[in-house]
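Structure, as structure tokens:
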Amino acid sequence: MLDLRLIREEKERVAAALARRGDDPAVLDRVLDLDARRRATQAQMDERRAEQKRLSKDVPQLSGGERVETLARLKTLSDDVAAVEKEQASLAAELNALMLDIPNVPDPTAPEGAGDDANVELRRWGLPQAFEFPVRDHVEIGASLGIIDVERGARTSGSRFYYLKGAAVLLELALVRYALDRLQQEGFTPVLPPVLVRREAMEGTGFLPTDEAQIYRTADDDLYLVGTSEVPLAALHMGETLNAGDLPLRYAGISTCFRREAGTYGKDTRGIFRVHQFDKVEMFSFTTPDTSSDEHEFLLQIEEWLLQGLELPYRVVNIAAGELGASAAKKYDCEAWLPGQADYRELTSCSNCTDYQARRLNCRFKGDGNPAFVHTLNGTAISTARWLIALLETHQRADGGVTIPAALRPFFGADHIAPPK
RNA sequence: GGUGGAGUCGCGUAGUGGCCGAGCGCGCACGCCUCGAAAGCGUGUGAGGGGGCAACCUCUCCGUGGGUUCAAAUCCCACCUCCACCGCCA
């Protein structure tokens with residue numbers, strides 16, 4: 001949610017920002033019109049209510065004709081207030097619905113344009129390895145080792161579902177511990193959050209109403225399955241006023257993530273690159289406004305450490321304004337080289353949502369001055385399906401086994417996955 | 001799933017239709033007192049919206065949302081959360 005005052009005072013700036021995202025700024029005129037009308041009715045309502053309060057104070061002391069007369073006047077006034085209040089409420093509701101749909105203002109350093117080709121590559125780390133044998137992708141590797149079963153996953157639950165077995169399970173758990181260990185060193189508190197959440201949490205984080213089609217909803221209880229633990233982590237301090245001295249608050253959420261992937265039928269259909277269910281360790285920070293930009297770089301730094309530790313070549317991409325999610329002002333993706341696809345693909349994503357989520361969640365902090373909205377940031381530490389792909393494909397061996405990078409061995413318990421017999 | 005009880009300004013409590021648009025205690029802040037401190041005394045003590053250059057004025061908020069009424073913390077309805085007991089499951 002944007003600050004209404006910002007739209008009132010700097011409409012042109014906000015209009016330019018929406019244009020950068022490829023959105024129609026015309027909505028701002030409707031917002032301002034509704035806002036002006038809402039404030040006018042608010043003033044009317046306040047005035048009449050003040051009058052009503054003044055008069056009704058005397059009622060207990062009055063008697064006889066005077067009392068009857070005053071009550072009659074108050075009745076009229078009361079009806080009047082009710083009418084204006086109704087109008088005010090409907091204007092406010094209409095305004096709020098519009099505001100919920102307006103995305104965050106992109107950061108000046110987010111690149112111009114829309115589409116993947118508008119994203120700007122910032123740097124590369126590592127070199128895509130040259131293999132001395134025919135490279136296999138994770139589907140082949142997973143099937144031959146008997147550790148990823150896509151066919152039976154589809155039989156049980158439909159396409160984009162899968163079974164992980166044996167070494168893949170241990171690898172996944174090792175990845176989680178690997179990330180968690182590092183994050184604890186950096187001051188993140190591990191959290192196992194609820195994965196079914198109320199509508200307020202989805203709305204507060206900006207996934208609703210915008211991404212309704214991507215979210216699973218339970219039929220009987222009106223709860224939503226989270227697509228990332230960003231949602232319950234952001235909602236952790238919903239409605240709270242935090243102490244400035246406690247910031248930044250850093251959490252590492254571990255959860256299964258559910259995504260409908262509606263509208264992606266032809267895309268990434270092979271293997272477990274784009275799936276309805278995966279597990280993820282997510283970083284989430286609550287900061288003051290003046291430190292969020294540094295925190296964003298910090299989260300990116302951690303993502304790079306984690307990738308480098310696993311010897312996965314990658315590049316860092318600054319996402320274009322037109323490609324940003326509704327809540328993000330700025331976003332970095334780390335794309336690792338996947339030998340099976342011979343391309344860099346997204347493994348992590350980290351966003352600075354500034355005060356956009358905080359305003360929706362009503363999450364503030366208080367220092368010396370008045371309470372102000374916090375800034376929220378989120379970033380992938382590791383997501384299991386895609387990191388598994390990167391590991392299996394990057395560290396595959398000629399004999400069909402897979403080498404486990406040194407940093408992961410203490411958590412995996414072995415230095416390689418044995419080739420199939 | 002059922003029955004009963006509860007949710008008040010940081011904490012604890014008062015409050016069954018107008019003198020509560022919220023009292024008291026604790027806590028906290030400032031001041032007085034003191035060599036200093038404690039105690040004591042005094043003053044203050046939330047958030048949000050609207051208006052004004054400003055001092056200031058005004059409205060909203062007693063779990064949430066509706067309703068009754070000229071008037072609701074107080075009455076009615078629904079929901080949320082917590083507690084207790086019963087049933088069921090682990």
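Values below: all heavy atoms of this structure, side chains included; hydrogens, waters and symmetry mates excluded. Since we're looking at a predicted model, the values are computed, not measured. Numbered from 1 within each chain, the chains take letters A, B, ... in sequence-line order.
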Euclidean distance for P, B/rA71 against B/rC56 (whole angstrom): 32 Å

Any strand, both distances under 3.5 Å, Watson-Crick or G-U wobble: B/rU16 pairs with none

Rounded to whole angstroms, how far apart are CD on A/E200 and P on B/rG65? 11 Å

Can you tell me the pairing partner of B/rG65 across any strand shown, Watson-Crick or G-U wobble, with both distances under 3.5 angstrom? B/rC77

Kindly compute the distance separating CG (A/L236) from CG (A/L361), expressed to the nearest 0.5 Å. 10.5 Å

What integer number of Å spans the C1' atoms of B/rG21 and B/rG4? 34 Å

Protein-nucleotides 59-62 of chain B N/O pairs under 3.5 Å:
unit_1 : atom_1 : unit_2 : atom_2 : d
B/rC59 : O3'    : A/R49  : NE     : 3.4
B/rC59 : O2'    : A/D46  : OD1    : 2.8
B/rU60 : OP1    : A/R49  : NE     : 3.2
B/rU60 : OP2    : A/K53  : NZ     : 2.6

Round to a whole Å and report the spacing from CE of A/M238 to C1' of B/rA47. 18 Å

Quick one: A/D222 CG to B/rU64 P, roughly how many Å, whole number? 21 Å

How is A/S56 classified with respect to the nucleic acid when contacts are heavy atoms under 4.0 Å: base, sugar-phosphate, or nothing? base

If I pick the P atom on B/rC75 and the same atom on B/rG18, what distance separates them, to the nearest angstrom? 12 Å

Quantified in whole Å, what is the C1' atom distance between nucleotide B/rC33 and nucleotide B/rG42? 11 Å

Is A/R5 near enough to B/rG49 that one of its side-chain N or O atoms lies under 4.0 angstrom from OP1 or OP2? yes

In terms of the nearest nucleotide of RNA chain B, which residue is placed more toward the 5' end: A/L71 or A/R364? A/R364

Between B/rA29 and B/rC35, how many Å separate the two P atoms, rounded to a whole number? 23 Å

For B/rC53, the Watson-Crick or wobble counterpart (both distances under 3.5 Å): none

Under 4.0 Å between a side-chain nitrogen and a carboxylate oxygen: does that hold for A/R38 and A/D35? yes

Is A/E295 paired with A/R250 through a side-chain N to carboxylate O contact shorter than 4.0 Å? yes

Once you round it to whole Å, what is the distance between C1' of B/rC70 and NZ of A/K75? 8 Å

If I compare all heavy atoms of A/A118 with all of A/E112, which pair ends up nearest, and what's the gap? CB-O, 3.6 Å

Derivation and outcome, side-chain contact (heavy atoms from CB on, under 4.5 Å), residues A/Q42 and A/V84: CA-CA 8 Å; A/Q42 177 83 53; A/V84 181; over 6 Å; no

Interatomic distance where CG belongs to A/L34 and P belongs to B/rG50 [whole Å]: 15 Å

Taking the six-membered ring where the residue is Trp, are the ring centres of A/H237 and A/F286 under 6.0 Å apart? yes

Between A/S78 and A/K366, whichever has its closest RNA chain B nucleotide further toward 5' is A/K366

Categorize A/R67 for me: base, sugar-phosphate, or nothing, with a 4.0 angstrom heavy-atom threshold over every strand shown. base

Applying the 3.5 Å cut-off to both distances, the Watson-Crick or G-U partner of B/rC89 turns out to be none

Value in whole Å for how far the P atom of B/rG49 lies from CG of A/D35: 12 Å

Identify whether any heavy atom of A/R8 sits under 4.0 Å from a base atom; if not, whether one sits that close to sugar-phosphate; answer base, sugar-phosphate or nothing. sugar-phosphate

Is any side-chain nitrogen or oxygen of A/R39 closer than 4.0 Å to OP1 or OP2 of B/rG49? no

Considering only NZ, NE, NH1 and NH2 on the basic side and carboxylate oxygens on the acidic side, decide whether A/D3 and A/R8 come within less than 4.0 Å. no

With P as the reference atom in both, quote the distance from B/rC19 to B/rA72 in angstrom, rounded to an integer. 11 Å

Within 45 degrees of the axis of the six-membered ring of A/Y224 and under 6.0 Å from its centre: does A/R198 put its NZ or CZ there? no

A/R198 has its side chain closest, among B/rC80, B/rC70, B/rG50, to B/rC80

If pairing means Watson-Crick or G-U wobble with both distances under 3.5 Å, then the partner of B/rU34 is none

Please state how far atom CD in A/Q52 lies from atom C1' in B/rG21, giving the value in whole angstrom units. 13 Å

Expressed in whole Å, how much space separates the P atoms belonging to B/rC20 and B/rC76? 23 Å

Round to a whole Å and report the spacing from CZ of A/R199 to C1' of B/rC79. 17 Å

Least distance between heavy atoms, A/I382 atom then A/A179 atom: CG1-CB, 3.7 Å

Considering only atom C1', compute the distance from B/rG63 to B/rG5 and round it to an integer number of Å. 16 Å

Paired nucleotide for B/rC82 [Watson-Crick or G-U wobble; both distances under 3.5 Å]: B/rG5

Partner nucleotide of B/rG21 by Watson-Crick or wobble geometry (both distances under 3.5 Å): none

As its Watson-Crick or G-U partner within any shown strand, both distances under 3.5 Å, B/rU43 has B/rA29

A/E51 bridged to A/R54 by N-O distance under 4.0 Å: yes

